[in-house]
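Data block below; observations after.
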Amino acid sequence: MSSLREENPGFQKPDALDRSFFARDTVAVARDLIGKLLVSEAGGRTKGVIVETEAYLPSRDSACHAAKHRTSRTEVMFGPAGFAYVYPIHAKYCFNIVTEVAERGCAVLVRAVEPVEGVSLMKRRRGLDDERRLATGPSCLCQAMRIDRSMNELDLTLGSLVWVEEGLGLNTEPITIKNSKRIGVTSATNRRLRFYVAGNRFVSGPARFRT
DNA sequence: AACGGGATGGTT
DNA sequence: ACCATCCCGTTG
């Protein structure tokens, strides 16, 4: 009886992207999230432009957590789109957004943002001054924006605590979105399911993964 | 209860 | 290339 799992169409902030955005093909959502704004009001407001994502597909994707078994950990992935799937790994966290229709088991991992608000807060949380490294990498992003396990199963379309907004892009220049193999994934490596802003310095991975 | 493997990230 | 660190799913 988790109230988080209920859909609340009447209470969403105008700014938050609605469920119809997330309830689409996972690759399309991963690609379209590039350039959008990720906002967190957990312990103070932080905001960043999404510059890197990865798609984890509902079928024939052995790297997707939901692929093998439906367990308590992956339960939220089988619910409606627009909910957060936050899971721990190596004593850190990764932030995902559930996609498509319920029962499929798929999501998009947000791997990096370019900080645009709450930079000093991010610096304090990360213990760093180097802006480039504040929210580059999925677990660094979570630490910078204070996203943790308590946000698992949060409805992001409510526009409360954590949500995604329409962005005007990184700057006035047109951006190029490129794709590559997913980082750290050892199976299903034939598919190019990682999307990133070409040449953006806030994208994670070695140099050849950022150009 | 015990075990092994990560959608990591920082260091060598 | 190595490994600290810890959660989770599986196996016994």
Side-chain angles (χ1 to χ4, degrees), chain A residues 22 25-31 33-34 38 48 50-79 81 83-100 104-115 122-154 156 162 164 178-197 200-210:
Chain A
F22 301 106
D25 173 76
T26 302
V27 169
V29 174
R31 196 183 166 80
L33 275 172
I34 301 292
L38 178 63
I50 296 171
V51 295
E52 182 184 1
T53 61
E54 284 178 359
Y56 289 86
L57 305 184
S59 62
R60 291 183 296 282
D61 181 8
S62 54
C64 180
H65 286 176
K68 291 154 193 164
H69 300 287
R70 181 168 174 163
T71 65
S72 57
R73 178 176 70 148
T74 59
E75 186 60 29
V76 65
M77 292 181 80
F78 293 91
F83 283 73
Y85 168 46
V86 182
Y87 72 91
I89 184 167
H90 295 283
K92 306 177 180 79
Y93 298 106
C94 288
F95 170 74
N96 302 254
I97 306 174
V98 177
T99 54
E100 303 199 18
R104 286 211 179 144
C106 45
V108 171
L109 169 68
V110 182
R111 286 192 58 92
V113 303
E114 175 171 341
M122 292 188 187
K123 286 182 176 177
R124 206 175 318 146
R125 290 168 178 170
R126 295 274 296 121
L128 290 171
D129 267 337
D130 182 3
E131 200 166 315
R132 196 192 78 78
R133 292 168 54 208
L134 289 181
T136 290
S139 297
C140 295
L141 178 159
C142 286
Q143 187 181 18
M145 303 190 76
R146 194 170 286 181
I147 294 171
D148 59 33
R149 260 186 123 184
S150 68
M151 283 80 160
N152 191 42
E153 304 199 342
L154 173 68
L156 303 173
V162 179
V164 183
K178 289 192 174 180
N179 60 67
S180 77
K181 292 190 292 189
R182 293 171 294 188
I183 290 180
V185 169
T186 54
S187 62
T189 54
N190 55 319
R191 315 201 53 170
R192 302 174 69 85
L193 295 172
R194 170 177 175 260
F195 300 90
Y196 63 97
V197 178
N200 183 283
R201 68 196 187 104
F202 297 90
V203 172
S204 76
R208 70 179 185 283
F209 276 89
R210 301 201 302 268

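Computation of the quantities below employed the complete heavy-atom set of this structure, encompassing side-chain atoms and omitting hydrogens, waters and symmetry-equivalent molecules. Letters A, B, ... are given to chains in the order of the sequence lines, protein chains preceding strands, and every chain is numbered from 1. Since we're looking at a predicted model, the values are computed, not measured.
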* Is a side-chain N or O of T26(A) found less than 3.5 angstrom from the main chain of T99(A), in a donor-acceptor match? -> no
* Could you tell me whether the phosphate oxygens of dC7(C), OP1 or OP2, come under 4.0 Å of any side-chain nitrogen or oxygen in R73(A)? => no
* To do: Could you work out which one of dA7(B), dG9(B), dG9(C) sits closest to the side chain of C140(A)?
  => dG9(B)
* Asked: For S204(A) and dG9(B), is the shortest distance between a side-chain N/O and OP1 or OP2 below 4.0 Å?
  -> no
* Whole-Å distance between dG10(B) C1' and R126(A) CZ? -> 10 Å
* For dT11(B), what is the paired nucleotide under Watson-Crick or G-U wobble rules, both distances under 3.5 Å? -> dA1(C)
* Nearest to the side chain of S72(A), which nucleotide is it out of dA7(B), dG9(C), dG10(B)? -> dG9(C)
* **Which nucleotide in dC6(C), dT8(B), dA7(B) has an atom nearest any side-chain atom of A91(A)** => dC6(C)
* For R182(A), which contact category applies under a 4.0 Å heavy-atom criterion: base, sugar-phosphate, or nothing? -> nothing
* To do: Rounded to the nearest angstrom, tell me the gap between atom NE2 in H65(A) and atom P in dG9(C).
  => 10 Å
* Asked: Looking for any heavy atom pair under 4.0 Å, which part of the strands does R194(A) touch: base, sugar-phosphate only, or nothing?
  -> nothing
* Asked: Taking CZ from R133(A) and C1' from dT11(B), how many angstroms apart are they, rounded to a whole number?
  -> 11 Å
* Pairing of R124(A) and D129(A) as salt bridge, 4.0 angstrom limit -> no
* Atom CG of D130(A) and atom P of dG10(B): how far apart are they, to the nearest Å? -> 11 Å
* Length of the CD1-P vector between I147(A) and dA7(B), whole Å -> 19 Å
* Indicate, with yes or no, if the rings of Y87(A) and H65(A) have centres closer together than 6.0 Å. => yes
* Asked: Going by 5.5 Å between centroids and 30° between planes, is there a stack of Y56(A) over dA7(B)?
  -> yes
* Structure fact -> Per atom distances to the H90(A) side chain, the nearest of dG10(B), dA7(B), dT8(B) is dT8(B)
* Which part of the nucleic acid does T186(A) contact within heavy-atom distance under 4.0 Å: base, sugar-phosphate only, or nothing? -> nothing
* **Separation of dT5(C) C1' from K92(A) NZ (nearest whole Å)** => 7 Å
* **Exercise: do Q143(A) and R126(A) side chains pair donor with acceptor under 3.5 Å** => yes
* Got a sec: does the NZ of K181(A) have more than 12 other heavy atoms crowding it under 6.0 Å? -> no
* Asked: How many Å lie between CD on E52(A) and C1' on dG9(B), as a whole number?
  -> 13 Å
* Asked: How long is the line joining OH of Y87(A) and C1' of dG5(B), in whole Å?
  -> 13 Å
